[in-house]
Amino acid sequence: EFLESPTGPAYWPALGWVLLALAAFVVQSGAEELLVRGYLVQVWYRRTGIVGAVIASTLFFTLMHGSNTGFGLLPLLVLVAVSIALVFWALAEGGLWGVLSFHAVWNWAQGSLFGIAVSGNAPPNSLFAVVETGEAHPLLTGGVYGLEGSLLTLGVLVLLSACTITAFARVRSRQPA
């Protein structure tokens with residue numbers, strides 16, 4: 001049952017804030033992707049090849065998130081996995097639209113839609129509230145860092161990395177030598 005306000009159900013204002021948050025996450029994630037995958041990957045790829053591009057962008061991306069609440073070994077591994085996946089995605093795509101969209105929707109869905117911490121930052125508001133139960137193990141939930149500190153997320157991102165590396169290899173094999 002929804003609470004009624006003078007203008008209709010009380011969730012309408014929350015929905016407006018959630019959509020505004022999506023726009024904010026597009027800007028924030030877009031800035032990160034322009035810097036990390038748009039600039040760093042391109043510069044280091046030309047200078048040192050794929051290994052240098054992956055290392056430089058992964059180090060920078062990890063440092064950007066490393067001082068957040070709950071950061072530890074598992075969130076570090078998740079950040080490395082997502083960095084690898086997004087580097088190869090951007091290179092396979094030859095652009096940033098895919099990685100920017102993924103990054104923005106990932107952050108937005110966790111924080112503004114479901115109320116889950118995003119890289120250790122608890123959202124002030126969300127449309128839904130997913131709450132950790134006392135029986136939930138932090139290795140599966142990510143604890144205070146959120147899903148980005150979870151073994152399940154690490155597994156999914158390792159699989160995504162394998163897919164994007166394969167896509168990059170296919171695109172590269174079709175290019176003239």
Side-chain angles (χ1 to χ4, degrees), residues 21-22 24-45 48-123 126 130 132 136-172:
L22 177 58
F25 275 119
V26 167
V27 171
Q28 176 268 328
S29 299
E32 279 187 36
E33 292 307 328
L34 284 171
L35 179 61
V36 178
R37 260 61 74 175
Y39 177 73
L40 286 175
V41 167
Q42 303 308 316
V43 167
W44 284 91
Y45 186 62
T48 63
I50 191 66
V51 173
V54 169
I55 290 171
S57 63
T58 299
L59 282 173
F60 189 80
F61 189 71
T62 303
L63 287 172
M64 287 173 41
H65 297 82
S67 63
N68 294 354
T69 304
F71 185 77
L73 179 60
L74 197 48
L76 171 69
L77 295 175
V78 169
L79 286 167
V80 168
V82 77
S83 292
I84 291 168
L86 296 182
V87 165
F88 284 98
W89 184 341
L91 291 172
E93 179 184 337
L96 296 176
W97 289 112
V99 295
L100 186 151
S101 300
F102 173 85
H103 192 164
V105 170
W106 173 263
N107 287 351
W108 171 78
Q110 283 182 101
S112 300
L113 192 58
F114 296 114
I116 300 168
V118 180
S119 298
N121 297 310
S126 63
V130 175
E132 189 177 328
H137 198 285
L139 288 176
L140 298 178
T141 65
V144 295
Y145 199 76
L147 285 176
E148 296 163 336
S150 161
L151 275 175
L152 297 172
T153 302
L154 178 61
V156 169
L157 290 172
V158 166
L159 181 61
L160 179 61
S161 295
C163 292
T164 60
I165 289 168
T166 301
F168 171 73
R170 286 185 182 155
V171 167
R172 194 171 180 185

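Positions are given from 1, in the same order as the sequence printed here.
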Evaluate side-chain contact (heavy atoms from CB on, under 4.5 Å) for Trp108 paired with Val118, printing each intermediate quantity in order. CA-CA 9 Å; Trp108 171 78; Val118 180; over 6 Å; no

Distance check, rounded to the nearest 0.5 Å: Asn121 atom CG versus His65 atom NE2? 8.5 Å

Shortest non-hydrogen separation from Arg37 to Ala90 and the atoms involved: CG-CB, 4.0 Å

Do Ile165 and Ile84 come within less than 4.5 Å of each other through their side chains, counting heavy atoms only? yes

Exercise: identify the closest heavy-atom pair between Leu157 and Ala81: CB-CB, 3.8 Å

Hey, could you give me the NE2/CZ distance between His103 and Phe61, rounded to the nearest 0.5 Å? 4.5 Å

Identify the two heavy atoms, one from Ala136 and one from Thr141, that lie closest to each other, and give their separation to 0.1 Å. CB-CG2, 3.5 Å

I'd like to check Val36 versus Leu86 (side-chain heavy atoms, cut-off strictly below 4.5 Å). Are they in contact? no

For a quick test of reading the model, state the closest non-hydrogen atom pair linking Asn107 to Ser29 and the distance between them. ND2-OG, 3.5 Å

How about Leu76 and Phe71: do any of their side-chain heavy atoms sit closer than 4.5 Å? yes

Among Thr48, Ile55, Val54, find the residue that satisfies the side chain to side chain contact (heavy atoms under 4.5 Å, CB included) test when tested with Val51. Ile55

Can you tell me how far apart CG (Leu147) and CH2 (Trp106) are? Round to the nearest 0.5 Å. 5.5 Å

Could you check whether any side-chain heavy atom of Val156 comes within less than 4.5 Å of a side-chain heavy atom of Leu152, counting everything from C-beta outward? no

Is it the case that the side chain of Asn68 and the backbone of Ser119 share a donor-acceptor pair, with hydrogens and angles ignored and the cut-off at 3.5 Å? yes

Approximate separation, where rounding is to 0.5 Å, of Tyr39 OH and Trp44 CH2: 10.0 Å

With rounding to the nearest 0.5 angstrom, report the OG to OH distance, Ser57 to Tyr45. 12.5 Å

Walk me through whether Leu160 and Phe102 qualify under side-chain contact (heavy atoms from CB on, under 4.5 Å). CA-CA 12 Å; Leu160 179 61; Phe102 173 85; 4.2 Å; yes

Glu33 (side chain) donor-acceptor with Leu96 (main chain) under 3.5 angstrom: no

Side chain Thr62, main chain Leu79, donor-acceptor under 3.5 Å: no

For Thr164 and Ser161, indicate whether the former's side chain and the latter's backbone hold a donor-acceptor pair under 3.5 Å. yes

If you define the side chain from C-beta out and look only at heavy atoms, does anything of Leu35 sit under 4.5 Å from Phe60? yes

If you measure from CG on Leu154 to CG on Leu159, what distance do you get to the nearest 0.5 Å? 11.5 Å

Shortest non-hydrogen separation from Ala167 to Ala92 and the atoms involved: C-CB, 3.9 Å

